[in-house]
Amino acid sequence: MKPILDVKNLTMDFGGLRALDSLDIDVRPGEIAALIGPNGAGKTTFFNCVTGMYNPTQGDVLVNSPSGYSTRLNGLKPNKVTERGLARTFQNIRLFQNMTVLENVMIGRHCHSGAGHEIIMDPDNSPVKRMAASAFFGGMEIAATLLKGKRFKEREQETVQYSYKVLEKVGLEKFANNFAKNLPYGLQRRLEIARAMATEPFLLLLDEPAAGMNPQETKELDDLIQRIRDKEGISILLIEHDMRLVMSISQRIFVMDYGKKIAQGTPGEIRTNDAVIKAYLGEDIDA
Amino acid sequence: MDWGYFKELLMGGVVKGSIYALIALGYTMVYGIIELINFAHGEIYMIGAFTALIAAGVLTVAGFPAWSILILASAAAVVWSASYGYTVEKIAYRPLRGAPRLSPLISALGMSIFLQNYVLLAQTSNFMPFKNLFPEEGFLENISEVLSATEVIIIFTSAVVMILLSLFIKYSTTGKAMRATAQDRNMAMLVGVNVDKVISATFIIGSSLAAVGAVLIASNMGQINFFIGFIVGLKAFTAAVLGGIGSIPGAMLGGLVLGCTESFGTGYVSSDYEDVFAFTLLVLILIFRPAGLLGKSDIQKV
């Protein structure tokens, strides 16, 4: 089976610093994979390269969606990457704090709503046509919002219902109308995942989802991640420092150090891998 | 105390203030989203006034009725200004999106000077008489002691436009995307928002509001020239800063406060000091509330 994310020979230079060095990482359909490594190993840089925040210096980021198309993501803008089925969360919480929980999720639906979307987005259309369509549908949207047109209402209703469903999946439906900033920390983390899920990804990239959580919250997160994979069929690649979480939920683990992949394998293999132990604990003095 | 005089000044201030507010919205929306002070915004307003003047001239010659002239000329001004706003962003700001913050600022100043001179060359340096586009209506007679029909229309129009804008920002998909982009642009992109489109939409909306303001203000003042954008732009910018730049209700409030201050200052002290009052108020507010009336002070991001 083709991997859904296939990263080959990925290199990222910042000036003279090589942050990622010919990295090969792949995620298979229906898998929970983990990316671990000491601080500064380049894990988040890797996520940034995959999601279009950075344009990698070399190498390929390929996706093969479950629905059958394959694309190269290099150089695409983040919103295009999201449209192609990847979603991510961040190490620090980056919710839209001054919007309600529901609105946060509805924003995630943004790329799936909007009339005339196909015409405006299609790069094959002439710029004039796209601009005209953009102006026309933009004007229609303004009019529709203000007049509450029937189709607009229906679409809005659809988005709200879908967003509620997503909130139910992560157990946040009670908080739909609260401001994001008023949620407790653990729930904010969940909302980040919900917002990412609302874009209907087939691969979810989670950057330290358990950071700052207590053991109880981590346990719940563990269940949530498994449930997302099993019920929604979304594959997951996560960066995490909580080894108990990593070892218990992931099928495969990639280990990075100084921008290079130093090991990959099942949790059992990684646990006994010498290179990994060395990277984390340093060299044995006696050896 | 003379209440009649006070009321007159108050209404004058509200009229002035609501127009400042309309134009201040353009500054504040753009700042909220890309943290750029769009100095060309005043020129967009000036172009709106010229477009309305030309359109109204043509329509009058063609013999259209008064109300349809008002509507068609305003529509022409809105469309023309909006396309200028859109284009200015596209050619002067978008290529500098990743540049240090000073570069787009300089680019904005350049755009402002360019547009002024372009209108100067294409049109004229003289003041052009601007016919009042608002037909005098009989039903307004009973309040005409305090307010002219034009002023009633100004207050009414700006109130309606601002309410519509607030609804749009709150409920529409694009409005939500705008708020999301203003809070965290990268994150907005990552949840699929096309940020370029949102920024264009912001410029289009801001410029349209400026054009509406242009028709209103030009009708009230009775003359325009290529330089009117500068002082109005400066005042509107002051109003935006006063209310807390980046905040939409702030721009509305800032406009009204500024308008009333000017009106009372000129009415009770001396009309020579109109601008002195405006900018003294700005200085005072910035000393005591550096983020503006409704602005939130920046929380340091970790």
Side-chain angles (χ1 to χ4, degrees), chain A residues 47-48 51-53 77-84 86-90 92-100 103-115 117 120-121 130-131 134-135 137-139 141-146 148 152 155-156 159 180 192 195-196 198-201 205, chain B residues 32 75 78-80 82-83 85-87 89-90 97-98 160-205 207-209 246-248 296 299 301-302:
Chain A
F47 269 24
N48 285 344
T51 53
M53 309 273 285
K77 285 193 177 156
N79 53 323
K80 299 288 166 197
V81 173
T82 306
E83 276 172 31
R84 281 167 183 64
L86 265 65
R88 81 172 279 189
T89 65
F90 282 87
N92 48 347
I93 290 180
R94 287 179 69 175
L95 291 170
F96 302 119
Q97 300 284 356
N98 292 323
M99 296 170 90
T100 64
E103 282 177 334
N104 264 281
V105 177
M106 286 171 75
I107 282 284
R109 295 293 297 158
H110 193 268
C111 61
H112 293 279
S113 55
H117 184 75
I120 300 163
M121 289 301 153
R130 288 166 65 192
M131 255 173 67
S134 184
F137 289 110
E141 200 203 326
I142 296 178
T145 314
L146 302 175
K148 294 271 172 222
F152 170 79
R155 223 174 60 205
E156 183 79 2
T159 311
E192 286 227 295
R195 183 179 58 183
T199 63
E200 292 186 48
L205 304 164
Chain B
V78 165
V79 170
W80 203 242
S83 37
Y86 173 83
T87 314
E89 190 271 329
K90 198 126 190 162
R97 193 77 55 75
V160 168
V161 167
M162 283 188 245
I163 290 167
L164 293 184
L165 178 71
S166 309
L167 291 177
F168 180 75
I169 300 277
K170 189 149 173 41
Y171 293 113
S172 73
T173 317
T174 307
K176 285 196 199 82
M178 277 178 177
R179 281 184 286 151
T181 309
Q183 287 176 44
D184 189 336
R185 197 195 305 169
N186 280 329
M187 196 62 236
M189 284 174 106
L190 279 168
V191 291
V193 174
N194 185 340
V195 169
D196 285 341
K197 213 176 123 198
V198 168
I199 293 174
S200 291
T202 310
F203 273 84
I204 287 172
I205 292 173
S207 307
S208 310
L209 296 177
S247 147
I248 287 175
K296 288 190 200 81
I299 302 158
K301 274 184 198 158
V302 186

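Note that the structure is a prediction, hence the values are computed from the model and not measured. Per chain, numbering begins at 1; letters A, B, ... match sequence-line order.
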Participant: Under 4.5 Å heavy-atom distance to chain B, tell me which part of A:Met99 shows up: side chain, backbone, both or neither.
Facilitator: both
Participant: Could you grab the distance from atom CD of B:Gln183 to atom CD1 of A:Ile107, nearest 0.5 Å is fine?
Facilitator: 9.0 Å
Participant: May I ask you to test the B:Asn186-A:Met53 pair for a side-chain heavy-atom distance under 4.5 Å?
Facilitator: yes
Participant: Tell me the closest heavy-atom pair linking A:Thr82 and B:Met189, and the distance in Å.
Facilitator: OG1-O, 3.6 Å
Participant: Between CD of A:Gln97 and CG of B:Asp184, what distance do you get to the nearest 0.5 Å?
Facilitator: 9.5 Å
Participant: Can you name the closest pair of heavy atoms from A:Glu103 and B:Lys170 and give their distance?
Facilitator: OE2-O, 4.0 Å
Participant: Is there a side chain to side chain contact (heavy atoms under 4.5 Å, CB included) between A:Lys77 and B:Val195 once you walk through the steps?
Facilitator: CA-CA 10 Å; A:Lys77 285 193 177 156; B:Val195 169; over 6 Å; no
Participant: With side chains defined as the heavy atoms from C-beta onward, is the minimum distance between B:Met187 and A:Phe96 less than 4.5 Å?
Facilitator: yes
Participant: Measure B:Ala188 against the heavy atoms of chain A and call it side chain, backbone, both or neither at under 4.5 Å.
Facilitator: both
Participant: So for B:Ala201, is it side chain, backbone, both, or neither that comes closer than 4.5 Å to the heavy atoms of chain A?
Facilitator: neither
Participant: For B:Leu190, run the side chain to side chain contact (heavy atoms under 4.5 Å, CB included) check against A:Arg88, A:Arg195, A:Arg94 and tell me which one passes.
Facilitator: A:Arg88
Participant: Looking only at heavy atoms, which two atoms of A:Asn79 and B:Gly192 are closest? And how far apart?
Facilitator: CB-C, 3.8 Å
